[in-house]
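One-based numbering, in listed order, for ligands and for the atoms of each.
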Amino acid sequence: MSKQQSDGGAALEQQDSPDATAAVRDAVIIGSGPAGYTAAIYLGRAGYRPLIVAGALAPGGQLVNTTEVENFPGFPDGVMGPDLMDAMRRQAERFGAELEYDDVTAVDFGDAADSAHTLTLASGERIRTRALIVATGSSVRKLGVPGEEDYSGHGVSYCATCDGFFFKDKPIVVVGGGDSACEEADFLSRFGSSVTLIHRRGEFRASKIMVDRVRSNPKITLLMDTVVTAVHGTAAAPAPAPAAGGFQLKLGGAMASKPAEVTEVEIRNTATGETGTLPVSGLFVAIGHTPATGFLGDAVAKDADGYIVVEGAGTRTSVPGVFAAGDCVDRVYRQAISAAGMGCRAALDAQAYLTA
Ligand SMILES: Cc1cc2nc3c(=O)[nH]c(=O)nc-3n(C[C@H](O)[C@H](O)[C@H](O)COP(=O)(O)OP(=O)(O)OC[C@H]3O[C@@H](n4cnc5c(N)ncnc54)[C@H](O)[C@@H]3O)c2cc1C
């Protein structure tokens with residue numbers, strides 16, 4: 001086994017392995033959202049040169065698909081989601097982080113004799129690392145109806161905490177039947193002129209206390225046995241030619257310079273088949289999230305819904321040397337700042353592991 005010192009201070013070990021690309025890194029981070037970039041900034045400043053496997057399709061994470069972020073501290077005038085993530089990437093790179101824009105498809109966690117973990121990327125490349133931080137986030141479940149993608153970020157939202165404030169004194173619709181949907185409806189009733197909670201079944205999945213809360217809230221109307229079948233709104237203005245290196249808003253696949261607005265949703269009663277429309281400015285979809293943890297298999301402990309289980313307030317997983325942070329762990333807070341905070345903790349836990 002030979003050791004090779006990299007210029008950032010991280011030791012790359014050449015190990016006897018059947019794999020040709022067997023250099024063992026000190027730290028690899030999977031995911032390039034707020035959790036992953038923050039972990040990279042901390043590990044970079046500690047002298048490691050972490051590799052971030054950033055994802056092939058959505059480098060930068062969930063905030064790349066949103067417009068204005070008003071609640072990330074340090075930006076009194078708000079910041080565009082893609083700009084915030086670009087700044088985090090540059091800050092991580094400044095301290096020596098390397099990026100690879102690919103997806104991890106599998107991880108072999110080795111055994112007691114070989115404490116390195118082996119990642120397989122979609123390209124087929126193998127990467128070996130002593131410490132691994134999983135920061136792969138989660139994805140929102142979508143309704144999958146016409147118009148939803150087009151107005152995502154311009155009236156269609158998946159986060160009441162993030163976007164409720166934008167719909168002050170405007171009609172709001174929340175879709176869902178679990179605790180999250182009820183909590184979001186209750187929270188949004190502080191802002192909206194009205195809140196209509198639409199659920200496809202005749203009974204809620206939510207806990208009784210949450211159902212009682214929405215039923216007794218005079219601003220909330222319940223529409224049971226009902227589904228949203230389409231989202232309509234004003235058309236976006238066509239985009240001017242982009243300036244070199246310039247940034248444009250992305251509206252569900254089409255590039256546009258002027259935000260469109262949601263004006264109404266089509267609905268259908270699942271029991272009677274009756275159809276209709278509802279005027280709405282903010283459509284909040286609260287039908288759940290899916291943590292991006294399937295590629296880990298069963299070796300790392302997860303809960304029934306696939307969220308990675310960590311030890312107490314730390315970020316250690318059930319596998320030594322593997323840490324997890326952000327929305328792939330956290331089903332409650334789901335905010336950029338809480339994911340970033342957890343990324344910091346994961347980096348500190350990984351450093352403690354690497355120096356033990
Ligand atoms: C539309 C929208 C608007 C939001 N607005 C706000 C807001 O205003 N304020 C706020 O605080 N929060 C907001 N949030 C929530 C916030 O975006 C998330 O809480 C935060 O991004 C979670 O960060 P994360 O690092 O855990 O994961 P993510 O941001 O989800 O990043 C995960 C990363 O992992 C990568 N990845 C996934 N699987 C793999 C794999 N197998 N291999 C390699 N890479 C992989 C993805 O490509 C991505 O880069 C919003 C969310 C959405 C969806």
Exercise. Can Thr118 and Arg128 be counted as having a side-chain donor-acceptor contact under 3.5 angstrom?
Worked result: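 Their side chains do contain a donor-acceptor pair, which is all the 3.5 Å distance test asks for.
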
For this session: Establish whether Val227 and Val175 are linked, either directly or via other cluster members, by ILVMFWY side-chain heavy-atom contacts under 4.5 Å.
Result: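 As far as the 4.5 Å side-chain criterion goes, Val175 and Val227 are not connected within one cluster.
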
For this session: Return the orientation label for the Phe109 and His117 ring planes: parallel under 30°, perpendicular over 60°, tilted otherwise.
Result: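 Perpendicular: the ring planes of Phe109 and His117 meet at over 60°.
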
Please list, one pair per line, the donor and acceptor atoms closer than 3.5 Å that link side chains of residues 270-292 to other protein atoms, with sequence neighbours excluded.
unit_1, atom_1, unit_2, atom_2, d
Thr270, OG1, Arg200, O, 3.4
Thr270, OG1, Asp225, O, 3.0
Thr272, OG1, Asn269, OD1, 3.4
Thr272, OG1, Glu274, N, 3.2
Thr290, OG1, Arg141, NE, 3.3

For this session: Under 4.5 Å between side-chain heavy atoms, chaining through other members, with only Ile, Leu, Val, Met, Phe, Trp and Tyr counted: pull out the rest of the cluster around Tyr333, sorted by chain and number.
Result: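 So far as hydrophobic clustering goes, Tyr333 is joined with Val332.
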
Exercise. Remaining members of Ile41's ILVMFWY cluster at a side-chain heavy-atom cut-off under 4.5 Å?
Worked result: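 Members besides Ile41, by chain and number: Phe95.
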
For this session: For ligand 1, list the protein residues that place a heavy atom within a distance below 4.0 Å of one of its atoms, sorted by chain and number.
Result: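 Close residues (ligand 1, cut-off 4.0 Å): Ile30, Gly31, Ser32, Gly33, Pro34, Ala35, Val53, Ala54, Gly55, Ala58, Gly60, Gly61, Gln62, Leu63, Thr66, Val69, Asn71, Asp102, Asp103, Val104, Ala135, Thr136, Gly137, Ser138, Cys162, Ala292, Phe295, Gly326, Asp327, Arg334, Gln335, Ala336, Ala339.
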
